[in-house]
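Keep in mind the model is a prediction, meaning the values are calculated, not measured.
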Amino acid sequence: MPSQLSLVPPPATRRPAPPALVVVAHGSRDPRALSTVSALLDRVRALRPDVPVHLGHIELNAPLLPDTLAALGDTEAVLVPLLLSRGYHVKRDIPEMAAASRARTHLAAPLGPHPLLVDALQARLTEAGWGGTPHRTSAVVLAAAGSRDPDAKADTARTAHLLAARLGVPVIPAYASAATPTVQTAVRTLLARGRRHIAIASYFTAPGRFATECAQKAPWIAASPLGTHPSMAQLLLHRYEEALTAAAGPILASA
């Protein structure tokens, strides 16, 4: 009688863990900023529980980005700036910190411009009371932090254009510092055009001094910062996946 061979299934092949997602926030002295960013990261984790999600700050708050990268060792990570446009931090600070670490890092694009940001901006305006006024008397000032980098200003202007197309009213980008026009100047410009219902759209990722100062200049309503809106978590993951699949995505390794 032939012997029976026991059939032993081959060992299961483990899929490699996905690269870590490191959200790079600017940092703020306002304690609301850190709590908001932490809550946003919890939303990201809920959407992708398989992805290790970490936080690193450029300045002012712990953990600082170099410390976060040091804790990751030589593992692979995608750095996603929690920043809304190109500028010095995206072009210089983050790449330099990444290059100085042992981690094998991919650098993602900043969050803006992108239609998901327009979704969040529109939702925040609606929460503040947008709607119900005639389009011919309504307008929006898109209040941003500001930068001396012309690419940053171009990115913010693109978001203003997308928001104007969505709402069907004029949207003027304005800045809290380092660029013009100021929020107050933009409001005066729209008032001179006969726009009486002028809303401030807060183009900030979290509460802070600049967001508060801009909101105080609102002649009508002021929206809250983008914060933990679901579109923000979706956009962070989109930039993460985009960086991983980009054909020209560089990997920066220590020498």
Side-chain angles (χ1 to χ4, degrees), residues 12-29 33-114 116-117 145 147 149 151-152 155 204-206 208 226-228 231-255:
T13 303
R14 275 192 174 183
R15 296 182 62 185
L21 191 171
V22 179
V23 176
V24 185
H26 182 278
S28 172
R29 292 184 176 87
L34 180 57
S35 62
T36 299
V37 173
S38 297
L40 176 60
L41 266 62
D42 286 341
R43 279 189 175 271
V44 174
R45 294 184 182 103
L47 289 173
R48 285 291 304 273
D50 60 313
V51 175
V53 178
H54 304 273
L55 174 62
H57 292 93
I58 296 169
E59 59 182 2
L60 299 175
N61 293 119
L64 293 172
L65 179 57
D67 296 331
T68 297
L69 293 175
L72 289 174
D74 62 356
T75 58
E76 188 178 11
V78 178
L79 276 55
V80 182
L82 188 62
L83 301 170
L84 299 172
S85 62
R86 293 168 291 173
Y88 188 85
H89 294 313
V90 171
K91 294 178 179 179
R92 293 288 301 276
D93 285 338
I94 297 174
E96 288 177 359
M97 292 177 189
S101 75
R102 293 174 55 223
R104 294 171 289 123
T105 55
H106 306 264
L107 305 184
L111 299 186
H114 195 277
L116 283 169
L117 287 176
S147 171
D149 191 307
D151 287 336
D155 288 345
F204 297 93
T205 57
L226 300 165
T228 59
S231 292
M232 294 292 286
Q234 294 169 21
L235 184 51
L236 284 167
L237 286 169
H238 171 73
R239 293 300 192 208
Y240 168 83
E241 295 291 349
E242 187 178 60
L244 285 179
T245 58
I251 297 180
L252 302 180
S254 57

Worksheet item: Just wondering, do L21 and V44 contact through their side chains at under 4.5 Å, heavy atoms?
Response: yes
Worksheet item: Does some side-chain heavy atom of M97 sit less than 4.5 Å from a side-chain heavy atom of I58?
Response: yes
Discussion item. For A109 versus P81, what's the shortest heavy-atom pair and its separation?
Written reply: O-CD, 3.6 Å
Response to the item:
Rounding to 0.5 Å, atoms CG (D42) and OG1 (T228) come to a distance of 10.0 Å
Item to complete: Determine whether V37 and T205 make a side-chain contact, defined as any pair of heavy atoms from C-beta on separated by less than 4.5 Å.
Response: no
Worksheet, complete the sentence: CZ of R104 to CG of L72, rounded to nearest 0.5 Å, is 11.0 Å
Fill in: side-chain contact (heavy atoms from CB on, under 4.5 Å) between Y88 and D93, worked out
CA-CA 7 Å; Y88 188 85; D93 285 338; 3.3 Å; yes
Item to complete: Compare every heavy atom of G27 with every heavy atom of L60, then report the nearest pair and how far apart it is.
Response: CD1-O, 3.7 Å
Item to complete: State, with a plain yes or no, whether a side-chain heavy atom of H26 is found less than 4.5 Å away from one of H57.
Response: no
Worksheet entry | Interatomic distance, L226 atom CG to M232 atom CE [nearest 0.5 angstrom] | 5.0 Å
Practice prompt. Run through L83, L65, L55, V90 and flag the one making a side chain to side chain contact (heavy atoms under 4.5 Å, CB included) with V24.
Written response: L65
Item to complete: Determine the interplanar angle of the H238 and H114 rings, folded into 0 to 90°, and report it as parallel if under 30°, tilted if 30 to 60°, perpendicular if over 60°.
Response: tilted
Worksheet item: Do the non-hydrogen side-chain atoms of R29 and N61 ever get within less than 4.5 Å of each other?
Response: no
Worksheet entry | Atom pair OG1/CG of T75 and L69 - distance to nearest 0.5 Å | 9.0 Å
Worksheet item: Any donor and acceptor pair, going by atom type alone, linking the side chain of R102 with main-chain N or O of A70 inside 3.5 Å?
Response: no
Fill in: Shortest non-hydrogen contact from L84 toward P110
C-CB, 4.5 Å
Worksheet item: How about Y240 and L236: do any of their side-chain heavy atoms sit closer than 4.5 Å?
Response: no
Discussion item. Please find the pair of heavy atoms, one from G56 and one from V22, that lie closest to each other, and give the distance.
Written reply: N-CG1, 4.3 Å
Worksheet item: Below 4.5 Å, heavy atoms only, C-beta onward: do V80 and L111 meet side chain to side chain?
Response: yes
Worksheet item: Got a sec, which residues hit salt bridge (charged side-chain N to carboxylate O under 4.0 Å, His left out) with R86, two or more places apart in sequence or on another chain?
Response: D151, D155
Practice prompt. Determine whether Q234 and R43 make a side-chain contact, defined as any pair of heavy atoms from C-beta on separated by less than 4.5 Å.
Written response: no
Worksheet item: Which atom names give the shortest non-hydrogen contact between L107 and A98, and what distance separates them?
Response: CD2-CB, 4.0 Å
Worksheet item: Can you name the nearest heavy-atom pair linking P19 to V78, along with the distance?
Response: CB-CG2, 4.4 Å
